[in-house]
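A quick write-up on the structure given underneath.
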Amino acid sequence: MKLHKLILAGTATALAIGAGAAFAQFQSAEKAVDYRESVFTVMGTHFGRIGAVVKGEQPYNKDEVAKNAAIVTMMSTLPWQAFGPGTEGGKAKPEVWSDNAKFKAAAEKMQLAVIDLNKAAQSGDLEGIKKSFGAAGSTCKGCHDDFKKK
Ligand code: ASC
């Protein structure tokens with residue numbers, strides 16, 4: 001098994017174990033905001049690297065895209081715990097908290113789309129990568145339109 005696959009498998013187990021209340025604690029709202037913005041920055045960086053391949057700006061390298069997709073998938077699980085009560089602020093619109101069920105649904109939609117992208121990336125299916133990248137990008141944009149300040 002490739003190293004990044006082992007890491008991803010191990011991470012899923014660790015996250016399942018660690019997803020209790022203590023895991024979601026931040027020392028301050030500011031730290032929660034920093035955390036979620038950092039996660040989105042890293043996720044966007046690696047998603048963008050796949051985007052460069054999809055747009056033909058970079059050559060397709062299966063292992064590179066697979067690694068980037070594995071990182072995006074793992075990162076996609078992280079920001080949500082940092083949107084807890086009392087962490088309003090940063091680039092988040094108040095609707096994250098006032099319409100929280102809709103926000104959670106949008107977050108889940110993104111995570112599922114990213115899993116599809118990761119499946120295509122791990123199997124080296126470039127056409128599948130292109131399709132699922134577009135679908136995943138739409139879930140990013142959809143959530144930004146509703147829940148992220150301009
Ligand atoms: C990216 C990135 C996003 C999404 C979004 C898609 O590469 O950083 O937030 O794609 O722009 O519309």
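Atoms within a ligand are numbered from 1 in the order they appear, just like the ligands themselves. In what follows, residues are counted from 1 in the order of the sequence shown.
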* Judged by atom type as modelled, is there a donor-acceptor pair below 3.5 Å linking the side chain of Lys93 to the main-chain atoms of Asp145? -> yes

* To do: Give the numbers and elements of all ligand 1 atoms closer than 4.0 Å to a heavy atom of Lys141.
  => 12 (O)

* Could you list which atoms of ligand 1 come closer than 4.0 Å to a heavy atom of Cys140? => 4 (C), 5 (C)

* Going by heavy atoms, is His144 under 4.0 Å from ligand 1? -> yes

* Under a single-linkage definition using a 4.5 Å side-chain heavy-atom cutoff for Ile, Leu, Val, Met, Phe, Trp and Tyr, are Ile71 and Phe40 assigned to the same hydrophobic cluster? -> yes

* Salt-bridge test for Asp63 and Lys67: reply yes if a basic N is under 4.0 Å from a carboxylate O, no otherwise. => no

* Consider only side-chain N and O atoms of Glu64 and Asn68, and report whether a donor and an acceptor are under 3.5 Å apart. => no

* Asked: Of all the non-hydrogen atoms in the protein, which one sits nearest to atom 1 (C) of ligand 1, and at what distance?
  -> Phe47 CD2, 3.6 Å

* Asked: How about Trp97 and Phe103: are their ring centroids closer than 6.0 Å?
  -> no

* Measure from atom 7 (O) of ligand 1 to the protein's non-hydrogen atoms and state whether any distance is below 4.0 Å. => yes

